[in-house]
**Q** 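Have a look at this one before I ask anything.
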Number of protein chains: 2
Amino acid sequence: MLLLRDMSKYDSDLDLCFSALGDPTRRRILERLARGEATVSELADPHDMALPSFMEHLKKLEAAQLITSKKQGRTRICSLSPTAFVPARDWLSEQSTIWEGRLDRFDDYIQTLMEERNK
Amino acid sequence: MLLLRDMSKYDSDLDLCFSALGDPTRRRILERLARGEATVSELADPHDMALPSFMEHLKKLEAAQLITSKKQGRTRICSLSPTAFVPARDWLSEQSTIWEGRLDRFDDYIQTLMEERNK
DNA sequence: ATAAAAGTTAGGATATTTCCTAACTTTTAT
DNA sequence: ATAAAAGTTAGGAAATATCCTAACTTTTAT
């Protein structure tokens, strides 16, 4: 099964994704793009930052496959990637599920202890 | 309403949280802790890394409120924080919801498909 | 009472990240 | 044909992150 054979690719995808999400400027960009596509200047406008610095953030988002972009004439239009948050959400859900499953087992254990005591 | 008054704290919480998740060593630690609490050495064992380096990762996870720990005698026991993934999941869900709620989302999707096909 | 175990602290090397300015290319408007 | 607009590239400063070794403290086992 693929899942167990080579996690490293998925792993480095998640590295890029979560690291990209770990910066407030980049989350602002994603929040903006969730509402619709925008050009580089439109995105940069609310951010008090030199354009080349801002572009670095866009590059990271694109490397993390969180956004896509295409050039139209002299302007570049950026969009949120349709599957942007899927890998991150999946990882978080999986861990939560495991965690919650463990709590249930703990409840079972307590339950068993109580029953033993009441014999 | 608190939501609009000071996002900066929540923002920096999310910075710490997502940044912490952006490292494979730290995700391995969380995956381990989702299955139950463990001491520092138990956690460190599978990682080929000097203990002080490893401890830095634990510190980051604790600063991000993803784990908690308590000292018992000379050993420290670490646990996954019960609410560990809630803020991250909430942010991702919110963005997904906004994105999915866009009226023109489907049109965009078709547009993208067409463009892909004509390449 | 010593020694071993389990962390912790201090200090340092190297790489990456995050910002900047200046100069450049390509496209569009006058 | 020029100039302005929208990005892009190059190069560099400063801060942060990620690792290390060596030396230290506290607790437990012999």
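Reminder, nothing fancy here: chain letters follow the sequence lines and each chain counts from 1.
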**Q** Considering every strand shown, what is the Watson-Crick or G-U wobble mate of C:dG12 when both distances are under 3.5 Å?
**A**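 Base-paired to D:dC19.
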**Q** What's A:Thr75 touching, base or sugar-phosphate or nothing? Going by heavy atoms closer than 4.0 Å.
**A**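 Result for A:Thr75 = sugar-phosphate.
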**Q** Within this structure, what is the CE-to-P distance between B:Met55 and D:dC19, rounded to whole angstrom?
**A**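 In whole Å, D:dC19 P and B:Met55 CE are 15 Å from each other.
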**Q** Side chain of B:Lys60 only, please: which of D:dT8, D:dA17, D:dC20 is the nearest?
**A**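 The closest nucleotide is D:dA17.
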**Q** Find which nucleotide of DNA chain C each of A:Gly73 and A:Met49 is nearest to by heavy atoms, and output the residue with the more 5' nucleotide.
**A**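 Nearest nucleotide further toward 5': that of A:Met49.
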**Q** Go ahead and name the base partner of C:dT30; Watson-Crick or wobble counts if both distances stay under 3.5 Å, otherwise write none.
**A**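 Because both required distances fall under 3.5 Å, C:dT30 counts as paired with D:dA1.
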**Q** Using both distances under 3.5 Å as the test, list the Watson-Crick or G-U wobble partner of C:dT17, or none.
**A**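 For C:dT17, the partner nucleotide comes out as D:dA14, under the 3.5 Å rule.
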**Q** Have a look at A:Thr39 and say if it touches a base, only the backbone sugar-phosphate, or nothing, with a 4.0 Å heavy-atom cut-off.
**A**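 Contact class for A:Thr39: sugar-phosphate only.
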**Q** Please report the distance, rounded to the nearest Å, between CG in B:Asp23 and C1' in C:dT17.
**A**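 Atom-to-atom, B:Asp23 to C:dT17, this comes out as 15 Å.
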**Q** For D:dC24, which nucleotide is its Watson-Crick or G-U wobble mate, given both distances must be under 3.5 Å?
**A**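 Matched D:dC24 with C:dG7 under the 3.5 Å cut-off.
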**Q** Checking the side chain of B:Thr75 only, and the main-chain atoms of B:Gln72 only, is there a donor and an acceptor separated by less than 3.5 Å?
**A**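 Checking the backbone N and O of B:Gln72 against the side chain of B:Thr75, a donor-acceptor pair under 3.5 Å is found.
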**Q** Would you mind checking if A:Asp45 and A:Arg32 are paired as a salt bridge, meaning a charged N to carboxylate O distance below 4.0 Å?
**A**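 Here A:Arg32 does not pair with A:Asp45 in a salt bridge, since their nearest N and O are not under 4.0 Å apart.
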**Q** Between C:dT27 atom P and A:Lys71 atom NZ, what is the distance in whole Å?
**A**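 It is 7 Å, rounded to the nearest whole Å.
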**Q** May I ask you to decide if A:Asp11's main-chain N or O and B:Arg27's side chain share a donor-acceptor pair within less than 3.5 Å?
**A**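 Yes, because the side chain of B:Arg27 sits within donor-acceptor range (under 3.5 Å) of the backbone of A:Asp11.
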**Q** Looking at D:dC19, I'd like to know if its phosphate oxygens (OP1 or OP2) sit under 4.0 Å from a side-chain N or O belonging to B:His57.
**A**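 It does, given that an N or O in the side chain of B:His57 lies less than 4.0 Å from OP1 or OP2 of D:dC19.
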**Q** Measure CG/A:Asp48 against C1'/C:dC20 and give the value in whole Å, please.
**A**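 One finds 12 Å between C1' of C:dC20 and CG of A:Asp48, rounded.
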**Q** Tell me the interatomic distance from B:Glu56, atom CD, to D:dT16, atom C1', rounded to whole angstroms.
**A**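 It is 12 Å, rounded to the nearest whole Å.
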**Q** Could you tell me how far apart A:Leu61 (CG) and C:dT17 (P) are, to the nearest whole angstrom?
**A**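 These atoms are roughly 13 Å apart.
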**Q** Please name the pair of heavy atoms, one in B:Ala20 and one in B:Leu61, separated by the smallest distance, quoted to 0.1 Å.
**A**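 In terms of heavy atoms, the two residues are closest at CB-CD2, 4.2 Å.
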**Q** Where do B:Ile29 and B:Phe54 land on the side chain to side chain contact (heavy atoms under 4.5 Å, CB included) test, with the steps shown first?
**A** CA-CA 10 Å; B:Ile29 295 171; B:Phe54 186 78; 3.6 Å; yes
**Q** State which of C:dA4, C:dT8, D:dA6 makes the closest approach to the side chain of B:Arg74.
**A**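 For B:Arg74, the side-chain atoms sit closest to C:dA4.
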**Q** I need the NZ-P distance between B:Lys59 and C:dT8, as an integer number of Å.
**A**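 The distance from NZ of B:Lys59 to P of C:dT8 comes to 8 Å, rounded to the nearest Å.
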**Q** For the pair made of CZ in A:Phe54 and P in C:dT17, what is the distance, rounded to whole Å?
**A**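 The distance from CZ of A:Phe54 to P of C:dT17 comes to 18 Å, rounded to the nearest Å.
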